[in-house]
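In what follows, a single structure is set out as structure tokens and then discussed.
Keep in mind it's a predicted model, so treat the numbers as computed, not measured.
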Amino acid sequence: QYLLSLQVTQDSLATLQKQGVAGGWYLSEKGGWRGSTLADGQSQGKRFRSIVNLLATGYFKDPLTKRPFSIYRDGGELSRAYGYYERLLVEAHRNDVALTLAFSPSHAYFYEAIEYHGLARMYQEWKQSIVAINEKVAEDLGELPFPVWDFAYYSDINTEIVPQVADTVSRMRWHYDPIHFKPAAGDQVLDQIYLSEQGAGVLLNAQSMKAMSAMQLEKQREYRLANTETVTQLTKFFRKAEAIAARRN
């Protein structure tokens, strides 16, 4: 419903208008947008921590019901949003739109939050549903499926080391915060998709899903082995943030 609303159009236009202005926009502690990026003397590590706090508390919950996020309705059926997605695919085929689908690159901290909240299996089911519906619609219409690229896993782009909170100088190459990536990452995504250059993305289809899932799980394992202390600290931070939020409520 949000994707088809006037608000998302206005938000998208506002984001586009700010491209190139002081490095872009970023999320505030409450989830809203703030103009410009970090000024000189501000800590990107602190910015990451504030968004990690958001990921630990309300980000994966329905803002109205406060219930945990789900791709399913109460009866076990897929969310209505899949119907909108299917309609989008049908309209693209019928109007000769060369659509390309992509799961965008978030930082590893985001995927650790998904794991913490017990959403990893559902996250994978979501990807599988996107691929399956895309292929079914194409088959029903006698068309080729649109390409589906996946950049949303523990890739080299997404596992960049986050500066310490006390560090007010260092800036990351690929991400502003755990959710939003910089133009450098966006350019690499576009260069791989449209210029066939090497990158972190993998093409998904019904035949490749199992192999790609196994590869991504291995990348996750490698990240955790190489960053044991970081993952442990993140888990502790998630628990503490949840406990504080619970006391406030």
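Relative orientation of the Tyr111 and Tyr154 rings is tilted, given thresholds of 30° and 60° on the angle between their planes.
Between the CH2 atom of Trp174 and the OG1 atom of Thr159 there is a distance of 11.0 Å, given to the nearest 0.5 Å. Distance check: Leu88 CG to His93 NE2 gives 10.0 Å after rounding to the nearest 0.5 Å. A distance of 10.5 Å separates OG in Ser129 from CE in Met122, rounded to the nearest 0.5 Å. With values rounded to the nearest 0.5 angstrom, Tyr153 atom OH is found 4.0 Å from Met215 atom CE. For the atom pair CD (Gln128) and CE (Met212), the distance works out to 13.0 Å, reported to the nearest 0.5 Å. Rounding to the nearest 0.5 Å places CG of Leu78 at 12.0 Å from OH of Tyr85.
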Practice prompt. Would you please test Gln124 and Gln216 for side-chain hydrogen bond (donor to acceptor under 3.5 Å, both in side chains) and show each step?
Written response: CA-CA 11 Å; Gln124 187 62 24; Gln216 292 178 0; 5.4 Å; no

Discussion item. Set out, in order, the CA-CA distance, both residues' side-chain angles and the distance that settles ring pair (Phe, Tyr, Trp, His ring centres under 6.0 Å) for Tyr109 and Tyr116, then state yes or no.
Written reply: CA-CA 10 Å; Tyr109 283 18; Tyr116 176 79; over 10 Å; no

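Summarising the local packing, CD of Glu222 is surrounded by more than 12 heavy atoms from other residues, nucleotides or ligands at distances under 6.0 Å. Counting heavy-atom neighbours within 6.0 Å of Lys127 NZ, excluding the residue itself, gives a total above 12. Within a 6.0 Å sphere centred on CG of Asn205, other residues, nucleotides and ligands contribute more than 12 heavy atoms. For Arg49, the CZ atom is loosely surrounded, since the number of other residues' heavy atoms within 6.0 Å does not exceed 12. Heavy atoms from other residues, nucleotides or ligands lying under 6.0 Å from CD of Gln10 number more than 12. Residue Leu195 qualifies as enclosed at atom CG: its count of foreign heavy atoms under 6.0 Å is above 12. Residue-environment remark: CD1 (Ile71) exceeds the threshold of 12 foreign heavy atoms within 6.0 Å. The neighbour count for Arg73 CZ, taken as heavy atoms of other residues, nucleotides or ligands under 6.0 Å away, is above 12.
Here the side chain of Asn134 pairs no donor or acceptor atom with the backbone of Pro145 at under 3.5 angstrom.
Aromatic ring centres of His107 and Phe48 lie closer together than 6.0 Å.
Ion pairing between a basic and an acidic side chain is recognised when a charged N comes within 4.0 Å of a carboxylate O; Arg87 and Glu91 show no such pairing. Taking the charged nitrogens against the carboxylate oxygens, Lys136 and Glu139 have no contact shorter than 4.0 Å, which rules out a salt bridge.
For the side chain to side chain contact (heavy atoms under 4.5 Å, CB included) criterion with Leu89, the lone passing option out of Val137, Val97, Leu141, Asp140 is Val137.
Follow the hydrophobic side-chain contacts under 4.5 Å out from Leu101 and you never reach Leu190; the two are in separate clusters.
Between the side chains of Tyr123 and Glu115, no donor N or O sits under 3.5 Å from an acceptor N or O.
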